[in-house]
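Each remark here refers to the structure printed beneath this line.
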There are 2 protein chains.
Amino acid sequence: MATILVADDEPHIRELVRSTLEREGHRVVEAADGREAADALAHEPVQLAVIDVMMPEVDGFELTQWLREERDVPILLLTALGETSHKVRGLRLGADDYLVKPFAPEELVARVEALLRRYRMRADGALDLAGLRLLSDTYEVEANGERTSLPPKEFQLLFTLAASAGRTLSRDKLIEEVWGYDYAGDERTVDVHIKRLRDKFPEDIYPFRIRTVRGLGYRLEVNA
Amino acid sequence: MATILVADDEPHIRELVRSTLEREGHRVVEAADGREAADALAHEPVQLAVIDVMMPEVDGFELTQWLREERDVPILLLTALGETSHKVRGLRLGADDYLVKPFAPEELVARVEALLRRYRMRADGALDLAGLRLLSDTYEVEANGERTSLPPKEFQLLFTLAASAGRTLSRDKLIEEVWGYDYAGDERTVDVHIKRLRDKFPEDIYPFRIRTVRGLGYRLEVNA
DNA sequence: GCCCGCCGTTCACGCGCCGTTCATCTTGGC
DNA sequence: GCCAAGATGAACGGCGCGTGAACGGCGGGC
(Lines give C-alpha, C1' and ligand atoms only; values in the text may rest on other atoms or scores of the structure.)
Protein backbone atom coordinates (compact mmCIF):
# COMPACT_ATOMS: atom_id res chain seq x y z
CA MET A 1 0.00 0.00 0.00
CA ALA A 2 0.97 3.64 -0.13
CA THR A 3 1.42 6.75 1.96
CA ILE A 4 -0.88 9.48 0.70
CA LEU A 5 -0.86 13.18 1.45
CA VAL A 6 -4.27 14.81 1.81
CA ALA A 7 -4.25 18.61 1.65
CA ASP A 8 -7.57 20.34 2.27
CA ASP A 9 -8.59 23.12 4.61
CA GLU A 10 -11.99 21.60 5.35
CA PRO A 11 -11.58 19.12 8.21
CA HIS A 12 -14.59 17.01 7.31
CA ILE A 13 -13.35 16.52 3.77
CA ARG A 14 -9.95 15.51 5.07
CA GLU A 15 -11.70 13.11 7.40
CA LEU A 16 -13.75 11.63 4.60
CA VAL A 17 -10.73 11.16 2.38
CA ARG A 18 -8.68 9.75 5.21
CA SER A 19 -11.22 7.15 6.28
CA THR A 20 -11.89 6.18 2.68
CA LEU A 21 -8.24 5.64 1.86
CA GLU A 22 -7.39 3.99 5.15
CA ARG A 23 -10.17 1.51 4.60
CA GLU A 24 -8.24 0.56 1.47
CA GLY A 25 -5.13 -0.02 3.50
CA HIS A 26 -3.25 3.18 2.75
CA ARG A 27 -1.52 5.44 5.20
CA VAL A 28 -2.70 9.04 5.23
CA VAL A 29 -0.84 12.20 6.12
CA GLU A 30 -3.00 15.30 6.53
CA ALA A 31 -2.33 18.96 5.84
CA ALA A 32 -4.66 21.96 6.16
CA ASP A 33 -2.95 24.16 3.62
CA GLY A 34 -0.13 24.24 1.14
CA ARG A 35 2.40 25.24 3.72
CA GLU A 36 1.64 22.29 5.95
CA ALA A 37 1.63 20.06 2.91
CA ALA A 38 5.12 21.10 1.86
CA ASP A 39 6.21 20.54 5.40
CA ALA A 40 4.77 17.05 5.51
CA LEU A 41 6.34 16.20 2.16
CA ALA A 42 9.73 17.08 3.54
CA HIS A 43 9.42 14.50 6.28
CA GLU A 44 7.33 11.74 4.81
CA PRO A 45 7.89 9.48 1.83
CA VAL A 46 4.66 10.18 0.01
CA GLN A 47 3.55 8.21 -3.05
CA LEU A 48 0.52 10.30 -3.96
CA ALA A 49 -0.98 13.69 -3.13
CA VAL A 50 -4.67 14.54 -2.97
CA ILE A 51 -4.90 18.30 -3.10
CA ASP A 52 -7.81 20.70 -2.81
CA VAL A 53 -7.53 23.65 -5.16
CA MET A 54 -9.04 26.19 -2.78
CA MET A 55 -6.86 26.50 0.29
CA PRO A 56 -5.74 29.48 2.37
CA GLU A 57 -2.09 30.60 2.40
CA VAL A 58 -0.58 28.46 -0.32
CA ASP A 59 -3.32 27.19 -2.63
CA GLY A 60 -3.57 23.98 -4.59
CA PHE A 61 -2.17 25.45 -7.77
CA GLU A 62 0.98 26.72 -6.15
CA LEU A 63 1.39 23.46 -4.32
CA THR A 64 0.91 21.50 -7.53
CA GLN A 65 3.47 23.58 -9.32
CA TRP A 66 5.96 23.25 -6.52
CA LEU A 67 5.39 19.53 -6.25
CA ARG A 68 5.91 19.04 -9.98
CA GLU A 69 9.24 20.78 -9.80
CA GLU A 70 10.46 19.09 -6.67
CA ARG A 71 8.93 15.67 -6.57
CA ASP A 72 7.76 12.98 -8.91
CA VAL A 73 4.52 12.25 -7.13
CA PRO A 74 1.15 11.74 -8.78
CA ILE A 75 -1.27 14.54 -8.00
CA LEU A 76 -5.03 14.24 -7.73
CA LEU A 77 -6.79 17.61 -7.58
CA LEU A 78 -10.08 18.26 -5.86
CA THR A 79 -12.06 21.01 -7.55
CA ALA A 80 -15.41 22.62 -6.82
CA LEU A 81 -18.37 21.88 -9.01
CA GLY A 82 -18.49 23.86 -12.22
CA GLU A 83 -15.02 25.31 -12.00
CA THR A 84 -13.84 23.97 -15.32
CA SER A 85 -11.16 26.57 -15.56
CA HIS A 86 -9.64 25.20 -12.37
CA LYS A 87 -9.47 21.77 -13.87
CA VAL A 88 -7.67 22.99 -16.97
CA ARG A 89 -5.30 25.18 -15.03
CA GLY A 90 -4.50 22.34 -12.65
CA LEU A 91 -3.77 19.92 -15.47
CA ARG A 92 -1.66 22.50 -17.19
CA LEU A 93 0.41 22.85 -14.05
CA GLY A 94 1.01 19.15 -14.07
CA ALA A 95 -1.74 17.53 -12.03
CA ASP A 96 -2.47 13.96 -13.10
CA ASP A 97 -6.15 13.77 -12.44
CA TYR A 98 -8.97 15.71 -10.89
CA LEU A 99 -12.12 14.96 -8.99
CA VAL A 100 -15.11 17.26 -8.70
CA LYS A 101 -16.55 17.83 -5.26
CA PRO A 102 -18.76 16.35 -4.01
CA PHE A 103 -17.54 12.93 -5.03
CA ALA A 104 -18.42 9.35 -4.25
CA PRO A 105 -15.80 7.59 -2.08
CA GLU A 106 -15.66 4.76 -4.61
CA GLU A 107 -14.71 7.26 -7.27
CA LEU A 108 -11.89 8.55 -5.13
CA VAL A 109 -10.62 5.06 -4.48
CA ALA A 110 -10.78 4.14 -8.16
CA ARG A 111 -8.80 7.17 -9.23
CA VAL A 112 -6.23 6.80 -6.50
CA GLU A 113 -5.67 3.17 -7.39
CA ALA A 114 -5.37 4.00 -11.07
CA LEU A 115 -2.77 6.67 -10.38
CA LEU A 116 -0.78 4.42 -8.10
CA ARG A 117 -0.82 1.65 -10.66
CA ARG A 118 0.27 4.01 -13.37
CA TYR A 119 3.19 5.40 -11.43
CA ARG A 120 4.22 2.05 -10.10
CA MET A 121 4.31 0.80 -13.64
CA ARG A 122 6.34 3.68 -14.89
CA ALA A 123 8.79 2.92 -12.14
CA ASP A 124 9.48 -0.73 -12.81
CA GLY A 125 8.44 -0.74 -16.42
CA ALA A 126 5.69 -3.29 -16.16
CA LEU A 127 2.07 -3.49 -15.18
CA ASP A 128 0.65 -6.84 -14.18
CA LEU A 129 -2.92 -7.92 -14.31
CA ALA A 130 -4.24 -11.44 -14.09
CA GLY A 131 -2.70 -13.13 -17.10
CA LEU A 132 -1.71 -9.86 -18.69
CA ARG A 133 1.53 -7.96 -18.55
CA LEU A 134 2.29 -4.60 -20.11
CA LEU A 135 5.94 -3.74 -20.69
CA SER A 136 6.25 0.00 -20.94
CA ASP A 137 9.84 0.21 -22.09
CA THR A 138 9.22 -1.85 -25.20
CA TYR A 139 5.54 -1.21 -25.79
CA GLU A 140 4.97 -4.92 -25.58
CA VAL A 141 2.09 -6.95 -24.27
CA GLU A 142 2.66 -10.35 -22.75
CA ALA A 143 -0.21 -12.79 -22.50
CA ASN A 144 -0.75 -16.47 -23.21
CA GLY A 145 2.99 -16.83 -23.10
CA GLU A 146 3.31 -14.65 -26.19
CA ARG A 147 4.67 -11.19 -26.67
CA THR A 148 3.08 -8.68 -28.96
CA SER A 149 4.64 -5.39 -29.85
CA LEU A 150 2.29 -2.44 -30.17
CA PRO A 151 2.51 1.03 -31.68
CA PRO A 152 2.77 3.81 -29.07
CA LYS A 153 -0.81 5.04 -29.18
CA GLU A 154 -2.29 1.59 -29.04
CA PHE A 155 -0.07 0.62 -26.18
CA GLN A 156 -0.86 3.69 -24.15
CA LEU A 157 -4.53 3.29 -24.78
CA LEU A 158 -4.47 -0.32 -23.68
CA PHE A 159 -2.36 0.65 -20.74
CA THR A 160 -4.75 3.37 -19.64
CA LEU A 161 -7.65 0.97 -19.83
CA ALA A 162 -5.67 -1.67 -17.96
CA ALA A 163 -4.61 0.76 -15.24
CA SER A 164 -8.29 1.36 -14.60
CA ALA A 165 -9.40 -2.17 -15.33
CA GLY A 166 -13.03 -2.72 -14.43
CA ARG A 167 -13.89 0.96 -14.65
CA THR A 168 -15.50 2.57 -17.65
CA LEU A 169 -13.49 5.41 -19.14
CA SER A 170 -15.06 8.01 -21.39
CA ARG A 171 -13.50 8.95 -24.69
CA ASP A 172 -12.72 12.30 -23.14
CA LYS A 173 -10.86 10.69 -20.32
CA LEU A 174 -8.96 8.35 -22.61
CA ILE A 175 -7.97 11.17 -24.90
CA GLU A 176 -6.81 13.19 -21.93
CA GLU A 177 -4.62 10.34 -20.73
CA VAL A 178 -3.21 9.15 -24.01
CA TRP A 179 -3.21 12.20 -26.23
CA GLY A 180 -3.00 14.92 -23.60
CA TYR A 181 -5.64 17.31 -22.33
CA ASP A 182 -5.04 19.74 -25.19
CA TYR A 183 -5.62 17.30 -28.01
CA ALA A 184 -7.59 18.93 -30.78
CA GLY A 185 -8.53 16.03 -33.06
CA ASP A 186 -11.59 13.88 -33.45
CA GLU A 187 -13.01 11.83 -30.58
CA ARG A 188 -13.64 8.96 -32.94
CA THR A 189 -9.96 8.27 -33.29
CA VAL A 190 -10.29 6.36 -30.05
CA ASP A 191 -12.74 3.97 -31.68
CA VAL A 192 -10.30 3.03 -34.36
CA HIS A 193 -7.53 2.25 -31.92
CA ILE A 194 -9.96 0.22 -29.84
CA LYS A 195 -10.85 -1.79 -32.89
CA ARG A 196 -7.23 -2.46 -33.69
CA LEU A 197 -6.64 -3.62 -30.16
CA ARG A 198 -9.63 -5.91 -30.36
CA ASP A 199 -8.35 -7.33 -33.62
CA LYS A 200 -4.96 -8.00 -32.11
CA PHE A 201 -6.33 -9.48 -28.91
CA PRO A 202 -9.47 -11.46 -29.67
CA GLU A 203 -11.30 -12.15 -26.45
CA ASP A 204 -11.66 -15.86 -27.09
CA ILE A 205 -7.89 -16.19 -27.10
CA TYR A 206 -6.68 -13.53 -24.69
CA PRO A 207 -7.69 -13.30 -21.05
CA PHE A 208 -9.23 -9.86 -21.30
CA ARG A 209 -11.55 -7.87 -23.46
CA ILE A 210 -12.45 -4.28 -24.16
CA ARG A 211 -16.14 -3.76 -23.65
CA THR A 212 -18.17 -0.92 -25.09
CA VAL A 213 -20.45 0.90 -22.69
CA ARG A 214 -22.85 2.63 -24.95
CA GLY A 215 -23.09 6.34 -24.30
CA LEU A 216 -20.28 6.26 -21.76
CA GLY A 217 -17.08 4.88 -23.13
CA TYR A 218 -14.95 1.77 -22.90
CA ARG A 219 -13.84 -0.56 -20.17
CA LEU A 220 -11.29 -3.32 -19.93
CA GLU A 221 -12.48 -6.50 -18.29
CA VAL A 222 -10.33 -9.36 -17.17
CA ASN A 223 -11.98 -12.64 -17.98
CA ALA A 224 -13.25 -14.47 -14.94
CA MET B 1 28.61 -7.22 -4.52
CA ALA B 2 29.80 -3.78 -3.56
CA THR B 3 30.11 -1.34 -0.68
CA ILE B 4 28.20 1.83 -1.50
CA LEU B 5 28.30 5.21 0.19
CA VAL B 6 24.99 7.02 0.48
CA ALA B 7 25.25 10.72 1.29
CA ASP B 8 21.99 12.58 1.85
CA ASP B 9 20.74 14.80 4.64
CA GLU B 10 17.18 13.51 4.44
CA PRO B 11 16.97 10.39 6.62
CA HIS B 12 14.05 8.83 4.77
CA ILE B 13 15.83 9.10 1.46
CA ARG B 14 18.91 7.48 2.96
CA GLU B 15 16.68 4.78 4.34
CA LEU B 16 15.03 4.21 1.00
CA VAL B 17 18.34 3.99 -0.81
CA ARG B 18 19.81 1.74 1.84
CA SER B 19 16.99 -0.77 1.85
CA THR B 20 16.85 -0.81 -1.93
CA LEU B 21 20.54 -1.47 -2.34
CA GLU B 22 20.77 -3.94 0.52
CA ARG B 23 17.98 -5.93 -1.05
CA GLU B 24 20.30 -6.28 -4.03
CA GLY B 25 23.02 -7.63 -1.81
CA HIS B 26 25.17 -4.54 -1.47
CA ARG B 27 26.62 -3.12 1.71
CA VAL B 28 25.65 0.46 2.50
CA VAL B 29 27.52 3.14 4.42
CA GLU B 30 25.52 6.24 5.30
CA ALA B 31 26.47 9.89 5.65
CA ALA B 32 24.29 12.92 6.39
CA ASP B 33 26.50 15.51 4.75
CA GLY B 34 29.68 15.92 2.77
CA ARG B 35 31.84 16.01 5.85
CA GLU B 36 30.57 12.70 7.16
CA ALA B 37 30.92 11.29 3.68
CA ALA B 38 34.56 12.23 3.41
CA ASP B 39 35.05 10.73 6.81
CA ALA B 40 33.45 7.46 5.82
CA LEU B 41 35.46 7.32 2.62
CA ALA B 42 38.63 7.53 4.66
CA HIS B 43 37.76 4.40 6.59
CA GLU B 44 35.78 2.29 4.17
CA PRO B 45 36.67 0.75 0.83
CA VAL B 46 33.81 2.15 -1.21
CA GLN B 47 33.08 1.07 -4.79
CA LEU B 48 30.36 3.60 -5.56
CA ALA B 49 28.96 6.82 -4.11
CA VAL B 50 25.34 7.95 -4.23
CA ILE B 51 25.35 11.65 -3.42
CA ASP B 52 22.58 14.18 -2.94
CA VAL B 53 23.38 17.57 -4.41
CA MET B 54 21.68 19.60 -1.71
CA MET B 55 23.35 18.94 1.61
CA PRO B 56 24.30 21.19 4.50
CA GLU B 57 27.94 21.90 5.34
CA VAL B 58 29.73 20.35 2.40
CA ASP B 59 27.30 19.95 -0.51
CA GLY B 60 27.20 17.35 -3.26
CA PHE B 61 29.17 19.43 -5.72
CA GLU B 62 32.10 19.95 -3.43
CA LEU B 63 32.03 16.32 -2.45
CA THR B 64 31.95 15.26 -6.09
CA GLN B 65 34.88 17.46 -6.95
CA TRP B 66 36.88 16.24 -4.01
CA LEU B 67 36.06 12.64 -4.77
CA ARG B 68 37.09 13.02 -8.39
CA GLU B 69 40.45 14.36 -7.39
CA GLU B 70 41.12 11.90 -4.61
CA ARG B 71 39.40 8.69 -5.55
CA ASP B 72 38.45 6.74 -8.60
CA VAL B 73 34.92 5.92 -7.54
CA PRO B 74 31.81 6.13 -9.71
CA ILE B 75 29.46 8.88 -8.60
CA LEU B 76 25.72 8.86 -8.92
CA LEU B 77 24.16 12.23 -8.15
CA LEU B 78 20.70 12.77 -6.76
CA THR B 79 19.18 16.01 -8.03
CA ALA B 80 15.84 17.70 -7.54
CA LEU B 81 13.34 17.61 -10.36
CA GLY B 82 13.70 20.46 -12.79
CA GLU B 83 17.14 21.51 -11.63
CA THR B 84 18.76 20.97 -14.97
CA SER B 85 21.57 23.30 -14.08
CA HIS B 86 22.46 21.04 -11.15
CA LYS B 87 22.62 18.07 -13.42
CA VAL B 88 24.92 19.82 -15.86
CA ARG B 89 27.12 21.22 -13.14
CA GLY B 90 27.36 17.82 -11.48
CA LEU B 91 28.34 16.09 -14.70
CA ARG B 92 30.85 18.80 -15.42
CA LEU B 93 32.48 18.20 -12.07
CA GLY B 94 32.86 14.57 -12.94
CA ALA B 95 29.76 12.76 -11.76
CA ASP B 96 29.01 9.65 -13.79
CA ASP B 97 25.26 9.67 -13.72
CA TYR B 98 22.37 11.42 -12.07
CA LEU B 99 18.94 10.47 -10.84
CA VAL B 100 16.07 12.84 -10.33
CA LYS B 101 14.40 12.77 -6.94
CA PRO B 102 12.25 11.15 -6.07
CA PHE B 103 12.98 8.10 -8.08
CA ALA B 104 11.71 4.60 -8.48
CA PRO B 105 13.84 2.08 -6.56
CA GLU B 106 14.16 -0.04 -9.67
CA GLU B 107 15.62 2.91 -11.50
CA LEU B 108 18.21 3.35 -8.79
CA VAL B 109 19.13 -0.30 -8.96
CA ALA B 110 19.44 -0.22 -12.74
CA ARG B 111 21.76 2.77 -12.69
CA VAL B 112 23.86 1.49 -9.84
CA GLU B 113 24.34 -1.85 -11.56
CA ALA B 114 25.20 -0.15 -14.83
CA LEU B 115 27.82 2.02 -13.11
CA LEU B 116 29.32 -0.90 -11.24
CA ARG B 117 29.51 -2.90 -14.42
CA ARG B 118 31.13 -0.02 -16.22
CA TYR B 119 33.76 0.56 -13.57
CA ARG B 120 34.37 -3.10 -12.97
CA MET B 121 34.95 -3.37 -16.66
CA ARG B 122 37.33 -0.48 -16.73
CA ALA B 123 39.20 -2.04 -13.84
CA ASP B 124 39.80 -5.45 -15.35
CA GLY B 125 39.31 -4.30 -18.91
CA ALA B 126 36.39 -6.50 -19.83
CA LEU B 127 32.64 -6.68 -19.61
CA ASP B 128 31.07 -10.10 -19.88
CA LEU B 129 27.61 -10.96 -21.01
CA ALA B 130 26.34 -14.34 -22.04
CA GLY B 131 28.46 -15.18 -25.06
CA LEU B 132 29.71 -11.65 -25.43
CA ARG B 133 32.82 -10.01 -24.13
CA LEU B 134 33.79 -6.38 -24.49
CA LEU B 135 37.43 -5.49 -24.06
CA SER B 136 37.70 -1.85 -23.17
CA ASP B 137 41.48 -1.69 -23.34
CA THR B 138 41.54 -2.47 -27.01
CA TYR B 139 38.01 -1.66 -28.13
CA GLU B 140 37.58 -5.26 -29.14
CA VAL B 141 34.53 -7.46 -29.08
CA GLU B 142 34.86 -11.16 -28.47
CA ALA B 143 32.07 -13.48 -29.53
CA ASN B 144 31.82 -16.79 -31.35
CA GLY B 145 35.46 -17.28 -30.56
CA GLU B 146 36.36 -14.35 -32.78
CA ARG B 147 37.69 -10.95 -31.98
CA THR B 148 36.53 -7.85 -33.76
CA SER B 149 38.16 -4.48 -33.33
CA LEU B 150 35.87 -1.47 -33.32
CA PRO B 151 36.29 2.27 -33.72
CA PRO B 152 35.89 4.21 -30.45
CA LYS B 153 32.37 5.54 -30.96
CA GLU B 154 31.02 2.23 -32.12
CA PHE B 155 32.62 0.44 -29.23
CA GLN B 156 31.34 2.85 -26.64
CA LEU B 157 27.89 2.77 -28.11
CA LEU B 158 27.81 -1.00 -28.06
CA PHE B 159 29.24 -0.96 -24.59
CA THR B 160 26.61 1.42 -23.29
CA LEU B 161 23.88 -0.72 -24.72
CA ALA B 162 25.49 -3.83 -23.31
CA ALA B 163 25.91 -2.30 -19.86
CA SER B 164 22.17 -1.74 -19.80
CA ALA B 165 21.29 -4.88 -21.73
CA GLY B 166 17.57 -5.51 -21.73
CA ARG B 167 16.66 -1.89 -21.08
CA THR B 168 15.65 0.51 -23.79
CA LEU B 169 17.86 3.57 -24.05
CA SER B 170 16.74 6.72 -25.79
CA ARG B 171 18.93 8.48 -28.31
CA ASP B 172 19.30 11.24 -25.76
CA LYS B 173 20.58 8.88 -23.16
CA LEU B 174 22.97 7.18 -25.57
CA ILE B 175 24.35 10.50 -26.71
CA GLU B 176 24.86 11.59 -23.15
CA GLU B 177 26.78 8.43 -22.33
CA VAL B 178 28.86 8.13 -25.46
CA TRP B 179 29.28 11.66 -26.72
CA GLY B 180 28.90 13.54 -23.46
CA TYR B 181 26.10 15.63 -22.01
CA ASP B 182 27.15 18.71 -23.96
CA TYR B 183 27.18 17.17 -27.41
CA ALA B 184 25.72 19.57 -29.94
CA GLY B 185 25.37 17.46 -33.07
CA ASP B 186 22.53 15.61 -34.68
CA GLU B 187 20.58 12.89 -32.88
CA ARG B 188 20.53 10.77 -35.98
CA THR B 189 24.23 10.14 -35.79
CA VAL B 190 23.30 7.40 -33.38
CA ASP B 191 21.34 5.65 -36.11
CA VAL B 192 24.34 5.44 -38.37
CA HIS B 193 26.53 3.89 -35.72
CA ILE B 194 23.77 1.46 -34.85
CA LYS B 195 23.60 0.43 -38.45
CA ARG B 196 27.34 -0.13 -38.64
CA LEU B 197 27.19 -2.25 -35.51
CA ARG B 198 24.35 -4.29 -36.96
CA ASP B 199 26.31 -4.78 -40.15
CA LYS B 200 29.31 -6.00 -38.22
CA PHE B 201 27.33 -8.25 -35.91
CA PRO B 202 24.48 -9.84 -37.82
CA GLU B 203 22.05 -11.34 -35.37
CA ASP B 204 21.95 -14.71 -37.06
CA ILE B 205 25.64 -15.15 -36.37
CA TYR B 206 26.24 -13.30 -33.12
CA PRO B 207 24.46 -14.06 -29.85
CA PHE B 208 22.94 -10.62 -29.45
CA ARG B 209 21.08 -8.03 -31.42
CA ILE B 210 20.26 -4.36 -31.28
CA ARG B 211 16.57 -3.84 -31.46
CA THR B 212 14.77 -0.67 -32.44
CA VAL B 213 11.90 0.38 -30.21
CA ARG B 214 10.02 2.79 -32.35
CA GLY B 215 9.45 6.11 -30.66
CA LEU B 216 11.66 5.22 -27.71
CA GLY B 217 15.17 4.25 -28.70
CA TYR B 218 17.36 1.16 -28.91
CA ARG B 219 17.96 -1.85 -26.77
CA LEU B 220 20.47 -4.67 -26.76
CA GLU B 221 19.01 -8.12 -26.36
CA VAL B 222 20.97 -11.24 -25.66
CA ASN B 223 19.58 -14.10 -27.69
CA ALA B 224 17.75 -16.65 -25.61
C1' DG C 1 55.65 17.31 -45.35
C1' DC C 2 52.51 14.89 -48.20
C1' DC C 3 49.33 11.43 -49.13
C1' DC C 4 46.07 8.13 -47.92
C1' DG C 5 42.87 5.66 -45.25
C1' DC C 6 39.96 5.57 -41.27
C1' DC C 7 36.31 7.43 -38.80
C1' DG C 8 32.73 10.63 -37.30
C1' DT C 9 29.19 13.28 -39.01
C1' DT C 10 25.75 14.98 -42.05
C1' DC C 11 22.54 14.72 -45.76
C1' DA C 12 19.17 13.01 -49.01
C1' DC C 13 16.16 9.63 -50.25
C1' DG C 14 12.83 6.15 -49.64
C1' DC C 15 10.01 2.88 -47.39
C1' DG C 16 6.80 1.32 -44.29
C1' DC C 17 4.42 2.05 -40.19
C1' DC C 18 1.16 4.49 -37.74
C1' DG C 19 -2.24 8.06 -36.57
C1' DT C 20 -6.10 10.19 -38.31
C1' DT C 21 -10.16 10.99 -40.96
C1' DC C 22 -14.08 9.77 -43.65
C1' DA C 23 -17.81 7.13 -45.51
C1' DT C 24 -20.58 3.36 -44.90
C1' DC C 25 -22.56 -0.40 -42.44
C1' DT C 26 -24.27 -2.45 -37.99
C1' DT C 27 -26.21 -2.50 -33.53
C1' DG C 28 -28.93 -1.31 -29.68
C1' DG C 29 -32.38 1.34 -27.21
C1' DC C 30 -36.92 3.39 -27.11
C1' DG D 1 -38.67 0.77 -37.17
C1' DC D 2 -36.26 4.86 -36.26
C1' DC D 3 -32.42 7.28 -34.69
C1' DA D 4 -28.26 7.73 -32.46
C1' DA D 5 -23.99 5.60 -31.26
C1' DG D 6 -20.61 2.58 -32.37
C1' DA D 7 -18.10 -0.71 -35.67
C1' DT D 8 -15.68 -1.26 -39.66
C1' DG D 9 -12.86 -0.82 -43.84
C1' DA D 10 -10.26 1.96 -46.54
C1' DA D 11 -7.41 5.71 -47.77
C1' DC D 12 -4.05 9.15 -47.04
C1' DG D 13 -0.39 11.83 -45.27
C1' DG D 14 3.36 12.38 -42.15
C1' DC D 15 7.09 10.95 -39.79
C1' DG D 16 10.44 7.78 -37.82
C1' DC D 17 13.92 5.07 -39.10
C1' DG D 18 17.09 2.57 -42.38
C1' DT D 19 20.38 3.17 -45.76
C1' DG D 20 23.91 4.66 -49.05
C1' DA D 21 26.94 8.17 -49.97
C1' DA D 22 29.81 12.04 -49.49
C1' DC D 23 32.76 15.04 -47.02
C1' DG D 24 36.22 16.64 -44.01
C1' DG D 25 39.45 16.07 -40.26
C1' DC D 26 42.97 13.64 -38.23
C1' DG D 27 46.65 10.61 -37.74
C1' DG D 28 49.94 7.31 -39.49
C1' DG D 29 53.11 5.73 -42.99
C1' DC D 30 56.56 6.73 -46.10
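Only this structure's heavy atoms are used, side chains among them; waters, hydrogens and symmetry mates stay out. A, B, ... follow the sequence lines: proteins, then strands. Residue 1 opens every chain.
R198(A) and E203(A) are not joined by a salt bridge, as no carboxylate oxygen comes within less than 4.0 angstrom of a charged side-chain nitrogen. Taking the charged nitrogens against the carboxylate oxygens, R171(A) and D191(A) do have a contact shorter than 4.0 Å, which makes a salt bridge. A salt bridge between R92(B) and D182(B) is absent, with no side-chain N of the basic residue lying under 4.0 Å from a carboxylate O of the acidic one.
Protein atom CZ of R214(A) is 11 Å distant from nucleotide atom C1' of dA7(D), rounded to whole Å. Distance, R188(A) CZ to dT8(D) C1': 12 Å, rounded to whole Å. The interatomic distance linking E187(A) (CD) with dA5(D) (P) rounds to 11 Å, in whole Å. Distance H193(B) NE2 to dA21(D) P: 18 Å, rounded to the nearest Å.
Within the 4.5 Å cutoff, no side-chain heavy atoms of T3(B) are placed close to those of L48(B).
Partners of D128(A) according to the side-chain contact (heavy atoms from CB on, under 4.5 Å) rule, which considers only residues two or more places apart in sequence or in another chain, are R133(A). Applying the ring-ring contact (aromatic ring centres under 6.0 Å, His included) test to F208(A) and every residue at least two apart in sequence or in another chain returns F201(A). W179(B) is linked by a ring-ring contact (aromatic ring centres under 6.0 Å, His included) to Y183(B), H193(B), counting only residues two or more places apart in sequence or in another chain. Under the rule for a ring-ring contact (aromatic ring centres under 6.0 Å, His included), the partners of F61(A) that lie at least two apart in sequence or sit in another chain are H86(A). Applying the side-chain contact (heavy atoms from CB on, under 4.5 Å) rule to R68(B) yields the partners I75(B), D96(B), Y119(B); only residues at least two apart in sequence or on another chain are considered. Remark: S149(A) pairs with E140(A) by the side-chain contact (heavy atoms from CB on, under 4.5 Å) rule, at least two apart or across chains.
Y218(A) comes within 4.0 angstrom of sugar-phosphate atoms only, judged by non-hydrogen atoms across all strands, and of no base.
From one end of the helix from dG1(C)-dC30(D) to dC30(C)-dG1(D) to the other, with five pairs defining each end axis, the axis direction shifts by 30° (rounded to 10°).
The backbone N or O of R188(B) sits less than 3.5 Å from a side-chain atom of D186(B), completing a donor-acceptor pair.
Interface residues of residues 175-186 of chain B facing DNA chain C, ordered by number: W179(B), Y183(B), G185(B), D186(B); criterion, heavy-atom separation under 4.0 Å. Residues of residues 194-204 of chain B having a heavy atom closer than 4.0 Å to DNA chain D, listed by number: K195(B), R196(B), R198(B).
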Pair up each side-chain donor or acceptor in residues 103-116 of chain A with any protein partner under 3.5 Å, not counting sequence neighbours, and list the distances.
from    : atom 1 : to      : atom 2 : distance (Å)
E107(A) : OE2    : R111(A) : NE     : 2.8
E107(A) : OE2    : R111(A) : NH2    : 3.0
E107(A) : OE2    : R167(A) : NH2    : 3.4
R111(A) : NH1    : D97(A)  : OD1    : 3.0
R111(A) : NH1    : D97(A)  : OD2    : 3.2
R111(A) : NH1    : Y98(A)  : O      : 3.2
E113(A) : OE2    : H26(A)  : NE2    : 2.9

Name each donor-acceptor pair under 3.5 Å that joins a side chain in residues 151-166 of chain B to protein atoms two or more places apart or in another chain, with its distance.
from    : atom 1 : to      : atom 2 : distance (Å)
E154(B) : OE1    : K200(B) : NZ     : 2.8
Q156(B) : NE2    : Y139(B) : OH     : 3.2
T160(B) : OG1    : Q156(B) : O      : 2.7

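For DNA chain C, the contact window with chain A, defined by any atom under 4.0 Å from a protein heavy atom, covers dC18(C) to dG28(C) in 5' to 3' order.
Distances shown here put every side-chain N or O of T212(B) at or beyond 4.0 Å from the OP1 or OP2 atom of dG16(D).
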